[in-house]
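Take a look at the structure set out below.
Order of the sequence lines sets the chain letters (A, B, ...), proteins ahead of strands, with each chain counted from 1. Note: hydrogens, waters and symmetry copies are ignored here, and every other heavy atom, side chains too, is used.
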Number of protein chains: 2
Amino acid sequence: MPSAPEPAPVSAKPPVTLREVAAAAGVSVATASKALNGQGRMTAETRERIRETARLLGFRPNSLAQSLLRKRSFTVGLLTNDTYGRFSLPLMAGVSDALVDKGVSVFLCNVEDDQRLGQLHVEAMLDKRVDGIIATGKRIDRHLPVDLSNLRIPVVYAFTQPDPGAIGLVSDDAGGARLAVEHFLRLGRRRIAHVSGPASFAVVHARAQAWRDVLKENGLAESEPLLGAWSEAWGHEAVEKLFGKADREGWPDAVFCGNDQIARGVIDALRERGISVPDDVGVIGFDNWEIVAEATRPPLTSVDMNLSTLGREAGLALLSLVDGQPAAPGIRKLPCRLVVRQSCGGPPE
Amino acid sequence: MPSAPEPAPVSAKPPVTLREVAAAAGVSVATASKALNGQGRMTAETRERIRETARLLGFRPNSLAQSLLRKRSFTVGLLTNDTYGRFSLPLMAGVSDALVDKGVSVFLCNVEDDQRLGQLHVEAMLDKRVDGIIATGKRIDRHLPVDLSNLRIPVVYAFTQPDPGAIGLVSDDAGGARLAVEHFLRLGRRRIAHVSGPASFAVVHARAQAWRDVLKENGLAESEPLLGAWSEAWGHEAVEKLFGKADREGWPDAVFCGNDQIARGVIDALRERGISVPDDVGVIGFDNWEIVAEATRPPLTSVDMNLSTLGREAGLALLSLVDGQPAAPGIRKLPCRLVVRQSCGGPPE
DNA sequence: GTGGGTTGGGAAAAGGTTTTCTCAGTGCTC
DNA sequence: GAGCACTGAGAAAACCTTTTCCCAACCCAC
């Protein structure tokens, strides 16, 4: 007894070809192709019959053959040097998310900091005829160890230093810093210190400058940021510098930190000194690395760079480039957002 | 004045085809193909001339056309549901590392926990004729939300629950736990507690059982593990349970933790109680998540699951499957290693 | 000088799909 | 009933490479 017609299981040994569909439906491959793609002219009946046959046989067009002909592989490369990166991961997720619905798959290529590896990956992708490349990395102010400037396919840079004349998407670090400092001000804090990472990072300066700007705009005393490392240990050390002096009046009532690890160190060190967060001092971090931000006591308010949105935007930008839409080169900054937890307390009474 | 012959820049608009190389060298495409692939018979002079022409023109064979013919795309898919995962990242790095030298590129597919997304990605990869699939995830005891059991291409499972009859690679959690407990014993510790994650995780039981086994083998008193959450907060709580009793003689002199976050909580809580690590109590974590393990005070000794090796092995296993080498199905466990830092102290005098 | 072996290289098919061009038939108008 | 427009569908080229098969030419021995 024949069962109800339904698609054949994928397990059939060699994939079903269009030729087989055409034969089964009693038409030519040309007609079959047109029926399935909604092209050409034929009776609705014929088109439907072919479609039904294809469905029954579990036909799926061979992407390789399509790509060869259309000169479009529905494939892009994602180049990164951030192996274990908590930055590039959400970014990749965003890219993949933006593209999967359009049938575009993503080659992930980790080039470390190795020129040879970069070359290898780029050539492999070019050979496989990727439609475009997204370059990303662990630092916004460093180039990948690859030259992407003279490729014949479009390239979009996300969260990494773009080549001149290329399209780059980065987070708006200054804007993010403003968010943090202005949040402190709204809560009535007035003596806002800034503890950040090494001076060799561009983002350190961008954030510090914004911090200073907001203080100045509000007529508050400016001071120097404390620059050190991206570590908890540096957070501890900075607390010693800030709160070491006997004169309590000179103590800050808020600390804006360059990343969440520093903030964690700051919070821990403050607790060890018996200084209450958020009652005595408010703390804000940067990166919104949830696993850290949620483990601090109290949980940490932090600036989120919206990296997955950034990834989405990069994916979409690349796609429209691939489709031939011209796009203005230059760097586009995407806004950050503040994720409020409990390390700043509420507004003043 | 003509410059010295060198490969044309990649920037040339449409890629150079074999036909163009053949024309330039004055031979047929067949001969050109054979010359470049070391096939067929021809004078050494002819072969060299063709090769030189190809080099000059910057010819690179179109992978799409090759794949279509050879039915081998030099492409594999990596399926994961671990979006922000610190587990799957090193694993991916290992996979990619094992494959890039063989010219194989990796499609990264994040399926979240979404059946539809999984289906979408698998179909896209099948359409693109990937040679095989590696499935990985965030939990060793859970399936991905995709059915990979009847595909016509090989599948290898790494750090996720394999289908019956498939090939799976996982970490040897019991072995890793032994490493930790035996390290404590070598250092003269005798009262070794175990604080781990939720009972719903298979690895929790595997590690706890190994911990108990080693204690028994050494004639030490067994006790119940403390099961809770994978969090620092639970580490704090567990310290309260273990060290809350007045009787100091009942206190453990070592705590083996189910992951590094718990260990961090334990270390912090011990310090807050004035109990010294490692002098009074040794602590070992699991996962060797460097960013955590190196930030604890003192830095944390931890069990590393060698995930990037695991990824490498998975990549190689898949490749030999693709090459038609039969492989015995079943689960293969890869050894862990202990990374010694300063949270256990030295051996007894 | 004929038969057989070797050498260097080309013609053509194959892989699966899309697209352009062509063509036979049908129904309509004048 | 001739011309015409349109309809439905197929043939074949194209994408680029690999591989099998074939052929012409040459050399050698008998």
*For G26(B) and for P61(A), find the nucleotide of DNA chain C with the closest heavy atom, then tell me which residue's nucleotide is more 5'.*
G26(B)

*asked:* Suppose the criterion is ring pair (Phe, Tyr, Trp, His ring centres under 6.0 Å): which pairs have a residue in residues 87-137 of chain B, not counting sequence neighbours?
replied: F107(A)-F107(B), F87(B)-F159(B)

*Measure the distance from CZ on R70(A) to C1' on dT19(C) and round it to the nearest whole Å.*
12 Å

What pairs of nitrogen or oxygen atoms, one from the protein and one from nucleotides 4-8 of chain C, lie under 3.5 Å apart?
from	atom 1	to	atom 2	distance (Å)
dG8(C)	N7	R41(B)	NH2	3.3
dG8(C)	O6	R41(B)	NH2	3.4

*Expressed in angstrom and rounded to an integer, what is the separation of Q39(B) atom CD from dT20(D) atom P?*
9 Å

*Please give, in whole Å, the distance from dT18(C) C1' to I50(A) CD1?*
15 Å

_Polar pair under 3.5 Å, donor/acceptor by atom type, side chain K71(B), base dG16(C)_ = no

*Is T31(B) near enough to dG10(C) that one of its side-chain N or O atoms lies under 4.0 angstrom from OP1 or OP2?*
yes

*Please check if any side-chain donor atom of D82(A) sits under 3.5 Å from a side-chain acceptor atom of T80(A), or the reverse.*
no

*Decide yes or no for K128(A) and S105(B): does some side-chain heavy atom of the first lie under 4.5 Å from some side-chain heavy atom of the second?*
yes

*dG10(D), dT17(D), dT19(D): which one has an atom nearest the side-chain heavy atoms of A30(A)?*
dG10(D)

_Rounded distance in Å - CZ (R72(A)) to C1' (dC16(D))_ = 20 Å

*asked:* In this structure, how many angstroms lie between the C1' atom of dG16(C) and the CD atom of E20(A), rounded?
replied: 11 Å

*Would you call D113(B) and K138(B) a salt bridge, taking side-chain N to carboxylate O under 4.0 Å as the test?*
yes

*Scan S33(B) against the nucleic acid and name what it touches under 4.0 Å (heavy atoms): base, sugar-phosphate only, or nothing.*
base

*Measure from CG on L18(B) to P on dT18(D) and round the result to the nearest Å.*
7 Å

*By side chain to side chain donor-acceptor pair (under 3.5 Å), which residues pair with E313(A), not counting sequence neighbours?*
R332(A)

*asked:* Judged by each residue's nearest nucleotide on DNA chain C, which is more toward the 5′ side, A32(B) or R129(B)?
replied: A32(B)

*Round to the nearest Å and state the distance from R19(A) atom CZ to dA11(D) atom C1'.*
14 Å

*Taking 4.0 angstrom as the limit, do E52(B) and R49(B) come out as a salt bridge?*
no

Return all side-chain donor-acceptor pairs below 3.5 angstrom for residues 16-26 of chain B, not counting sequence neighbours, or 'none' if the list is empty.
from	atom 1	to	atom 2	distance (Å)
T17(B)	OG1	R19(B)	N	3.4
T17(B)	OG1	E20(B)	N	3.3
T17(B)	OG1	E20(B)	OE2	3.3
E20(B)	OE2	T17(B)	N	2.8

_Any side-chain donor near an acceptor of the partner, Q119(B) and E123(B), under 3.5 Å_ = yes

*Taking only heavy atoms on the protein side, list every residue of residues 62-69 of chain A lying under 4.0 Å from any atom of DNA chain D, sorted numerically.*
L68(A), L69(A)

*Where at least one partner belongs to residues 23-69 of chain A, residue pairs that pass ring pair (Phe, Tyr, Trp, His ring centres under 6.0 Å), sequence neighbours excluded*: none

*Whole Å only: how far is the NZ atom of K34(B) from the C1' atom of dT17(D)?*
13 Å

